[in-house]
S.K.: 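One structure, pasted below without further comment.
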Amino acid sequence: MIKYLLIAIAIVGMGWMLYPLVADFQTATELNALATEYVNGSMNDLNVPNVVTAVVVTYRGLDTLGEVTVLFLATAGIGFLLRRKGHPTGKRRPGSEILKIGSAFLAPLIVLLGVYIFTHGHLTPGGGFQGGVVIASGMLLLTMAHIDFKFSHTLIHWAESLSGFTYVLIGLLGLLLLGVNSFLDPRFLAGGKWLSLFSAGAVPVIYSFIGLKVGSELSSVIDSLQDGGNEV
Amino acid sequence: MTEILILVLLILISIIAAIYAVLTKKTINAVIASGVISLMASIIFLLVAAPDVAMTEATIGAGLTTVVFLYALKHVKGGEDD
Amino acid sequence: MMVMICGIILILIGIWAMLSRKNIIRIIIGFSIVDTGTHLVIVAIGYVKGATAPILDASIQMGNVADSGMRVLSKVVDPVPSALVLTAIVIGLAVTALLLAFAVRLYRTGHSLNINDYEEQKW
């Protein structure tokens, strides 16, 4: 009884903490000054039509670098907790006929869609994070359909480390070519034509490497959780 | 007007799914209900003009999170229900 | 406004799930409900009434304002909350998977997922 009372007190207290957020909130009718600056700067300086991409890659680039690091640490933790010595022993049920044929047709298309999403991240909705996730779901389809399907772990590790390394290297290149205060500044490549694939400086390059990194990390997360590691 | 109606419907579905996820006895039902919440949230994101977020939420929330939960449930057979 | 209230209700339901359930997997499900609710609240803060998505293509009006270059004239939503939520969702998946990996390891050593069976950490 006292437990339910305590839970009720905790929820009511949390609601009371969040109440001012609702009470004082009014849906904005125009953009605030910072967002206006980002929208216009994305058009004039960076030549990026998708403003969200401009914020993620350039204006908050250091933030994104930190997030990618958090993702890497979480993946490393999962790999450590569910590590396996020797070959898997547990039996798995093979995928059904429909799943096998469907995955042979769909998996290449899904991976291609993922690559399309992250190379066009500066033009259309999407980008490295979404494209990486789509690639990981293609890998998930293959894992579900074929019991003996294994990623090449060396390839995954190399893709992950190299893309992370290149991401930092491109950031440092901006620092080198454009002078101080320009870490992760993509403007050292030409701006290009508005709304064309090869435009917006280094933004699509950086976002493609983020996409590769996110895709390989999430694929290895799925692989570890599917495998489950050793029995203790 | 229709947009408001759709929004109210989606919000109601997601709240009902959340309450069901708390109250149900079987864990696998709760996993599916949390997938439903994420799917509804992704359509809400589309309606409030954030297509990037909607894409991410649809693939991660409704797809990968559900599968990750199911893989974890596979490894804890016998202890998953209350 | 409605979206923000929905997000706050989801946060409260998730906290209720985390506090009232005994099973560790159910606690993690509560955590993921809190996650979704927080994302809804943050996106609702960035919404501008009657605005479109911040993708500057042919449907967006742009014009020249005297001595300040090209300016966007039609209404777009705030891109900063969208960008923050975008990364937060991906991190949320990784953190949920990490919690589940902990739960699987705990089940391997203790053969139970009931949180009351793990009392050695209590003080």
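Heavy-atom basis, side chains included; hydrogens, waters and symmetry copies ignored. To find a chain, count down the sequence lines: A is the first, B the second, and so on, and within it residues start at 1.
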S.K.: Rounded to the nearest 0.5 Å, what's the gap from CH2 on C:Trp16 to CD1 on B:Ile19? Could you check?
M.R.: 6.5 Å
S.K.: First locate atom SG of C:Cys6, then atom CD1 of B:Ile37, and finally report the distance between them rounded to the nearest 0.5 Å.
M.R.: 9.5 Å
S.K.: From B:Leu64 CG over to C:Leu93 CG, what is the distance, rounded to the nearest 0.5 angstrom?
M.R.: 6.0 Å
S.K.: Using heavy-atom distances under 4.5 Å, tell me whether C:Leu10 contacts chain B through its side chain, its backbone, both, or neither.
M.R.: side chain
S.K.: Report which part of C:Ile9 has an atom under 4.5 Å of a heavy atom belonging to chain B: side chain, backbone, both, or neither.
M.R.: side chain
S.K.: Rounded to the nearest 0.5 Å, how far apart are CG of B:Leu23 and OG of C:Ser20?
M.R.: 8.0 Å
S.K.: If you count heavy-atom pairs under 4.5 Å with chain B, which of C:Ala17, C:Gly30, C:Gly14, C:Ala44 comes out on top?
M.R.: C:Ala17
S.K.: Given that the side chain runs from C-beta out, which part of C:Val43 has a heavy atom under 4.5 Å from chain B: side chain, backbone, both or neither?
M.R.: side chain
S.K.: Of all heavy-atom pairs between B:Ala30 and C:Arg26, which one has the smallest distance, and what is that distance?
M.R.: CB-NE, 3.7 Å
S.K.: What part of B:Leu10 lies closer than 4.5 angstrom to a heavy atom of chain C: side chain, backbone, both or neither?
M.R.: neither
S.K.: Under a 4.5 Å heavy-atom cutoff, which of C:Thr36, C:Ile33, C:Leu40 has the most pairs with chain B?
M.R.: C:Leu40
S.K.: Given heavy-atom pairs under 4.5 angstrom as the criterion, report whether the side chain, backbone, both or neither of C:Ile13 touches chain B.
M.R.: both
S.K.: Considering non-hydrogen atoms only, spot the tightest contact between C:Arg21 and B:Thr24 and give its length.
M.R.: NH2-O, 3.7 Å
S.K.: Scan residues 9-18 of chain B for pairs that pass side chain to side chain donor-acceptor pair (under 3.5 Å), counting only residues two or more places apart or in two chains.
M.R.: none
S.K.: Once you round to the nearest 0.5 Å, how far does CD1 of C:Ile24 lie from OG1 of B:Thr27?
M.R.: 11.5 Å
S.K.: Are C:Ser82 and B:Val53 close enough, and set up right, to give a side chain to side chain contact (heavy atoms under 4.5 Å, CB included), and what steps lead you there?
M.R.: CA-CA 6 Å; C:Ser82 296; B:Val53 185; 4.0 Å; yes
S.K.: Could you look at C:Val90 and say if it's the side chain, the backbone, both or neither that has a heavy atom under 4.5 Å from chain B?
M.R.: both
S.K.: Which residues pass the side chain to side chain donor-acceptor pair (under 3.5 Å) test with B:Ser42, sequence neighbours left out?
M.R.: none
S.K.: Taking every heavy-atom pair that is under 4.5 Å apart, which of B:Val68, B:Ile4, B:Val8, B:Thr59 has the most such pairs with chain C?
M.R.: B:Val68
S.K.: Looking at C:Val77 and B:Ala49, what are the two nearest heavy atoms and their distance?
M.R.: CG2-O, 3.4 Å
S.K.: Measuring from atom CD1 of C:Ile25 to atom CZ of B:Phe69, what distance do you get when rounded to the nearest 0.5 angstrom?
M.R.: 7.0 Å
S.K.: Relative to chain B, which segment of C:Thr96 carries a heavy atom at a distance below 4.5 Å: side chain, backbone, both, or neither?
M.R.: side chain
S.K.: Can you name the nearest heavy-atom pair linking C:Ile89 to B:Glu57, along with the distance?
M.R.: CD1-OE1, 3.3 Å
S.K.: Within the supplied structure, the quantity of interest is the number of heavy atoms (other residues, nucleotides, ligands) at a distance under 6.0 Å from C:Phe31 CZ; does it exceed 12?
M.R.: yes
S.K.: Mind listing the closest non-hydrogen atom pair of C:Met2 and B:Leu7 along with its distance?
M.R.: CE-CD2, 3.6 Å
S.K.: Pick one: which of C:Asp35, C:Ile28, C:Ile29 meets side chain to side chain contact (heavy atoms under 4.5 Å, CB included) with B:Ser34?
M.R.: C:Ile29
S.K.: Considering non-hydrogen atoms only, spot the tightest contact between B:His75 and C:Val104 and give its length.
M.R.: CB-CG1, 4.0 Å
